[in-house]
J.: 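Okay, handing you the structure first.
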Amino acid sequence: MSRVVHKVFFAWQADEEESWINEMAQQGWALVTVGVFRYEFESCERGAYTYRIELLENRPANRDSIAYLGFLSDAGIEYIGSILRWVYLRKKNVDGPFELYSDLSSKIGYFRRLRAFFISLFIMELWIGTFNLILAMQSINSIQSINLFCAFLLYGIGVILGVAIKKQTNQIKTLQRERTIRE
Amino acid sequence: MESFALTEAVYYILLSLIEPLHGYGIMQNVSKLSHKRVNLAAGTLYGAIGTLVERGWIESLHSGQNDRRKEYVITQSGRDAVINEMERLKELLENGLSIMGGEKK
C-alpha cells in the first residue's frame, strides 16, 4: 500500500524534516521517493527503518558522490533519492542504530559543510534582496511594490538563514569545546 | 620528531588493515577488536580512509574496475605510525599504573 504526502520543508528545516520522516517510519510508512515538497511512502513494518538526510559535498551524480554512496551501500545504507545536494538515506533498524558520524571531528566537519551551504544561500538572499530594493527605489509606478515585496521576502528569508547559521555555529563551538576533553 | 595522538578510530583502522580489507570489513573488524565498544559510522570511516590515503598511511588496492569494493592495506608509514602510537599508549598506561596502582573502578 502506498501514499503520497505533500508537505513543505525548507533547507533550514532538515532536522524537522528528518524527524517527520522517521515518525512516519515508526508508524509503518517508509519513504520510498522524494520530490520537491512531495513524499511517497510505502507501508512497512512499524519502526523498520531509520532515515537520515545528508548534504553532500557534490551532487549525487558526481564521481566522488557515487563512490561515497556506493561505500554507504556496502554498509547497509540505502539511497532513497535526492534534491540537489541533499540525499535521503535509510537503514534497517535490525542492523543497528543509524548514524553517519561517530566522532566529534567528523561531526564538526559535517556541521561546517552545512553552515557553508547556509552562508552561501544567505549571501544570495541578501544580494537579490538588495537588488530588488534598489529597483523598488528607482521606479515610480506600481512595479515598485513588487520589488519592495520581493526585497522584504528575501530579507526575511535571509534572517531565517541567519538564525540557522548562528545555530550551526553554536553546535560547532559546543563540539569543539567537547573535543578538548575527548574525541 | 613531533608526535600526535591518533584517534582510536584511526588506530583501529590501521590495525585492521595489516591485511587488505574493504570498508565494511573494517567496520566489522574494529567493532570486534574493541568488543563492540568502538562502532565506526560509515561517514566517519569514509572520511578517515580518505585522510589516511592522502597521508600515505594506507593505500588502495585496485580490485578491477569496481570502485566500490575497494580494498585498502597499510603502508610502511602506516606501520610506523602504529608502532609510535603503541609506544605512546605504553607510556600513558605505565604512568597510570604507577600512580593509580592497580586500582579498579
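Every chain is numbered from 1 and lettered A, B, ... according to where its sequence line falls, protein lines coming before strand lines.
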J.: At a heavy-atom separation under 4.5 Å, does B:Glu8 approach chain A through its side chain, its backbone, both, or neither?
T.: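 Both the backbone and the side chain of B:Glu8 come within 4.5 Å of chain A.
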J.: How about NE2 on A:His6, more than 12 heavy atoms from neighbouring residues, nucleotides or ligands closer than 6.0 Å, or not?
T.: yes
J.: Scan side-chain atoms only and decide if B:Ser77 and B:Arg55 contain a donor-acceptor pair under the 3.5 Å cut-off.
T.: no
J.: Are A:Lys91 and A:Glu78 close enough for a salt bridge, meaning some N to O gap below 4.0 Å?
T.: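 Not counted as a salt bridge, because no side-chain N and carboxylate O are separated by less than 4.0 Å.
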J.: Let's test your reading of the structure: which of A:Lys107, A:Glu183, A:Glu54 forms the most heavy-atom pairs below 4.5 Å with chain B?
T.: A:Glu183
J.: Does A:Arg182 come within less than 4.0 Å of A:Asp103, counting only side-chain N to carboxylate O?
T.: no
J.: Just give me the residue among B:Ala9, B:Gly47, B:Gly43 that pairs up with chain A most often, heavy atom to heavy atom, under 4.5 Å.
T.: B:Gly43
